[in-house]
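Remember, predicted model here, so these are calculated numbers, not experimental data. Both backbone and side-chain heavy atoms feed into the values below; hydrogens, waters and symmetry mates do not.
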Amino acid sequence: MLWLLLAALVPASLSAWLHPHRPAWHKSTDVSEISVAQVRNQTDVVWVDARSAEAFARAHVPGAISLPAETWEAHVEAVVTAWRPGLTVVVYCDAATCAASQSVARRLRDELGMENVHVLAGGWQAWQEAPR
C-alpha cells in the first residue's frame with residue numbers, strides 16, 4: 001500500500017510543481033528583472049525606490065515612491081495608493097549587487113498580491129548611466 005501511495009505521490013507532486021498555475025504554496029523566490037531600455041518611456045509604471053530615505057532625498061527616478069525595506073509599514077500605503085491592476089511596478093535600489101529591491105519586490109508580489117512586479121536590472125546606477 002505504501003508503494004502505491006508513493007507511486008501516485010511523485011507524479012502528482014511533479015504535476016503541481018510544473019503546472020502553469022502553481023499553487024500558492026509554491027512561490028518563486030526571485031522577481032524578474034527589467035532593463036532601463038524596456039521601461040524608460042512607459043507611462044503605466046509605478047517606480048518604487050527601495051534605497052534609504054537619505055538616498056531617495058538626494059536623487060531618484062522622477063515620480064518614484066520611496067519604500068525602504070526597513071520602514072515598510074510607514075511607506076507601503078503610498079505604493080498601494082498609486083498601484084492599480086495592469087500597471088508595471090519597477091523596484092530599484094543602488095546597483096545590481098543591492099538586495100533591497102528583490103526583498104521589497106517580493107513583498108509587494110507575495111504579501112500584497114501585486115502582479116507585474118519587476119526589479120530594475122542594475123538599479124539606480126543603471127538608470128543614471130542609461131542614455132537619455
Side-chain angles (χ1 to χ4, degrees):
M1 183 83 134
L2 181 61
W3 285 106
L4 184 59
L5 179 63
L6 286 175
L9 187 60
V10 171
S13 297
L14 282 173
S15 175
W17 185 68
L18 295 173
H19 193 277
H21 299 289
R22 293 184 180 145
W25 50 265
H26 184 273
K27 295 280 185 188
S28 172
T29 55
D30 285 340
V31 177
S32 65
E33 289 190 341
I34 194 166
S35 71
V36 173
Q38 289 174 293
V39 70
R40 179 179 285 281
N41 295 319
Q42 288 186 16
T43 57
D44 57 345
V45 176
V46 175
W47 288 94
V48 178
D49 190 323
R51 301 175 303 150
S52 69
E54 295 79 20
F56 181 82
R58 282 191 300 273
H60 54 270
V61 171
I65 300 166
S66 179
L67 183 57
E70 60 274 0
T71 57
W72 171 271
E73 286 78 17
H75 294 93
V76 72
E77 186 176 335
V79 176
V80 172
T81 301
W83 180 81
R84 65 182 185 281
L87 291 180
T88 300
V89 178
V90 180
V91 183
Y92 67 92
C93 57
D94 286 317
T97 57
C98 176
S101 57
Q102 276 288 339
S103 174
V104 168
R106 273 194 305 274
R107 288 186 77 178
L108 291 171
R109 180 194 64 192
D110 297 345
E111 293 178 25
L112 300 180
M114 290 184 178
E115 297 177 355
N116 206 14
V117 178
H118 304 278
V119 169
L120 184 64
W124 172 245
Q125 181 180 355
W127 175 267
Q128 289 181 306
E129 295 171 355
R132 305 266 181 237

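Using modelled atom types, one finds no donor on one side chain facing an acceptor on the other under 3.5 Å when comparing Ser66 with Asp49.
The hydrophobic clustering, which links ILVMFWY residues whose side-chain heavy atoms are closer than 4.5 Å, places Trp72 and Val79 together. One hydrophobic cluster, built from ILVMFWY side chains closer than 4.5 Å, holds both Leu120 and Trp124. With hydrophobic clusters built from ILVMFWY side chains whose heavy atoms lie under 4.5 angstrom apart, Leu108 shares a cluster with Val119. Hydrophobic clustering of Ile, Leu, Val, Met, Phe, Trp and Tyr side chains at less than 4.5 Å, counting indirect connections, keeps Val91 apart from Val45. A chain of hydrophobic side-chain contacts below 4.5 Å, direct or via other Ile, Leu, Val, Met, Phe, Trp or Tyr residues, connects Val76 to Val89.
Ile65 is not listed as a side-chain neighbour of His75, based on a closest heavy-atom distance of 4.5 Å or more. Within the 4.5 Å cutoff, the side chain of Arg40 has heavy atoms near those of the Trp127 side chain. At least one side-chain heavy atom of Met114 sits under 4.5 Å from a side-chain heavy atom of Val80. Within the 4.5 Å cutoff, no side-chain heavy atoms of Pro85 are placed close to those of Glu115. Arg107 is not listed as a side-chain neighbour of Val104, based on a closest heavy-atom distance of 4.5 Å or more. Within the 4.5 Å cutoff, side-chain heavy atoms of Ile34 are placed close to those of Val90.
Looking only at distances, no side-chain donor or acceptor of Tyr92 sits under 3.5 Å from a matching main-chain atom of Gly122. With Thr71 contributing its side chain and Ala74 its backbone, the two residues share no donor-acceptor pair below 3.5 Å. With hydrogens and angles disregarded, a donor-acceptor distance shorter than 3.5 Å links the side chain of Gln102 to the backbone of Val31.
Atom CG of Leu67 is separated from atom OG of Ser101 by 11.5 Å, given to the nearest 0.5 angstrom. Expressed to the nearest 0.5 Å, how far CZ of Arg51 lies from SG of Cys98 amounts to 9.0 Å. Atom CG of residue Asp44 and atom CG of residue Leu87 lie 6.0 Å apart, to the nearest 0.5 angstrom.
In Glu77, the CD atom is not crowded: 12 or fewer heavy atoms of neighbouring residues, nucleotides or ligands sit closer than 6.0 Å. A 6.0 Å sphere centred on CG of Asn41 holds no more than 12 heavy atoms belonging to other residues, nucleotides or ligands. With a 6.0 Å radius and a threshold of 12 heavy atoms from other residues, nucleotides or ligands, Gln38 has its CD atom above the threshold.
Taking each heavy atom of Ala121 and Glu33 in turn, the nearest pair found is CB-OE1, 3.6 Å. The two atoms that bring Ser52 and Glu70 nearest to each other are CA-OE2, 4.2 Å, heavy atoms only.
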